[in-house]
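Values in this document were obtained by computation on a predicted structure and should not be read as measured data. When a residue number appears, it is its place in the shown sequence, counting from 1. Because only heavy atoms are used, hydrogens play no part in the values below, and waters and symmetry mates are left out as well, while side chains stay in.
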Amino acid sequence: MGKYHLIKHFNLVNKHRFLVFIHSVKLGIPLRGLLHDLSKYSPTEFLDSAKYYNGTSSPIYAQRLEHQMYSTISVHHIKHNKHHFEYWIDIYKGDLILRAMPYKFALEYVADMISASKVYNGKNYTRDFPLKYFLKRKDHFLMNSCTKDFVINMLTIYKDKGFRPLKRKFTKSLYEETLKRHNQVEIIKVNKIN
């Protein structure tokens with residue numbers, strides 16, 4: 001890897017954050033858009049991300065390939081950003097505790113997915129990209145089923161109609177209805193000794 005792409009990575013982060021802000025405003029959470037991914041400017045994330053920059057996918061994956069699937073970028077980013085479902089995972093007596101993401105962070109996650117799809121796919125981007133990406137990977141995500149259901153619904157509506165119907169009153173109602181169908185906390189048994 002060796003070469004650092006400081007300017008290119010800086011521009012990519014800024015472009016992504018700008019798009020998340022625009023989408024967050026449309027979703028009625030402008031403050032979340034302003035605060036989105038500020039940890040990417042920290043030395044821990046920025047320098048390693050610039051080292052593994054390729055412009056078409058997250059530098060996390062490239063770092064994982066080089067370090068037996070462990071990523072310092074990912075660990076730092078998740079621990080500092082509540083819009084990632086991994087932030088809402090706890091461990092108790094060896095079991096995984098999955099909490100539903102609170103409404104504003106689940107919305108920010110949706111804005112993040114749409115923006116990342118736009119940045120990494122460029123001119124080839126279409127509104128179905130974020131949903132396709134999510135559906136392809138959802139079975140591998142240790143994500144609370146409430147959050148998963150909400151994200152799928154949001155990305156499906158976005159694919160079909162764009163941001164027009166995704167006003168705060170509607171999305172809040174959709175979130176609350178989704179909460180009623182699922183447990184806010186789910187336990188994945190890992191430890192056989194409990």
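- Two residues are said to be in side-chain contact when any heavy atoms from C-beta on lie closer than 4.5 Å; Leu155 and Ile114 meet this criterion.
- Using cut-offs of 30° and 60° on the angle between ring planes, the pair Tyr109 and His84 is perpendicular.
- No side-chain heavy atom of Ile97 sits less than 4.5 Å from a side-chain heavy atom of Trp88.
- Under 4.0 Å is where a charged nitrogen must lie from a carboxylate oxygen, and between Asp48 and Lys51 no such pair does.
- Taking the six-membered ring where the residue is Trp, Tyr53 and His9 present perpendicular rings, their angle passing 60° and hence far from 30°.
- Ring pair His67/Tyr52 is perpendicular by interplanar angle, where above 60° counts as perpendicular and below 30° as parallel.
- Within the 4.5 Å cutoff, the side chain of Asn144 has no heavy atoms near those of the Lys148 side chain.
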- Task: Would you please test Arg99 and Asp90 for salt bridge (charged side-chain N to carboxylate O under 4.0 Å, His left out) and show each step?
- Result: CA-CA 8 Å; Arg99 184 183 186 281; Asp90 194 7; over 6 Å; no

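- Surrounding NZ of Lys161 are at most 12 heavy atoms belonging to other residues, nucleotides or ligands under 6.0 Å away.
- Counting heavy atoms from C-beta outward, Arg17 and Tyr41 have side chains that approach closer than 4.5 Å.
- A donor-acceptor pair is defined here as one N or O able to donate and one able to accept, closer than 3.5 Å; no such pair exists between the side chain of Thr147 and the backbone of Met143.
- Between the side chain of Asp95 and the main chain of Val190, a donor-acceptor pair closer than 3.5 Å is present.
- Between Leu142 and Leu96 the shortest side-chain heavy-atom distance falls below 4.5 Å.
- Listed for the Ser173 side chain is no donor-acceptor partner under 3.5 Å among the backbone atoms of Lys169.
- Using cut-offs of 30° and 60° for the angle between ring planes, the Phe10 and Phe46 rings count as perpendicular.
- Note: the hydrophobic cluster containing Ile157 also contains Leu179 (ILVMFWY, side chain heavy atoms under 4.5 Å, direct or indirect links).
- Proximity of a side-chain donor or acceptor of Ser42 to a complementary backbone N or O of Ser39 within less than 3.5 Å is detected.
- Side-chain atoms of Asn153 do not come within 3.5 Å of backbone N or O of Thr156 as any donor-acceptor pair.
- Ile29 places none of its side-chain heavy atoms less than 4.5 Å from the side chain of Phe21.
- Checked by atom type, the side-chain pair Lys118/His23 shows a donor-acceptor distance below 3.5 Å.
- When each of His77, His80, His83 is tested with His36 by the rule ring-ring contact (aromatic ring centres under 6.0 Å, His included), just one qualifies, namely His83.
- Side-chain N or O atoms of Asp128 include none that pairs as donor or acceptor with a backbone N or O of Lys159 at under 3.5 Å.
- Looking at Ser74, its side chain never comes within 3.5 Å of a backbone N or O of Ser71 through a donor-acceptor pair.
- Phe134 is not listed as a side-chain neighbour of Phe129, based on a closest heavy-atom distance of 4.5 Å or more.
- A 4.5 Å side-chain heavy-atom check between Ile188 and Leu98 finds at least one atom pair inside the cut-off.
- The shortest heavy-atom contact between Ile60 and Ile73 is CG1-CG2, 3.7 Å.
- The backbone N or O of Tyr70 lies less than 3.5 Å from no partner atom in the side chain of Gln63, so there is not a single donor-acceptor pair.
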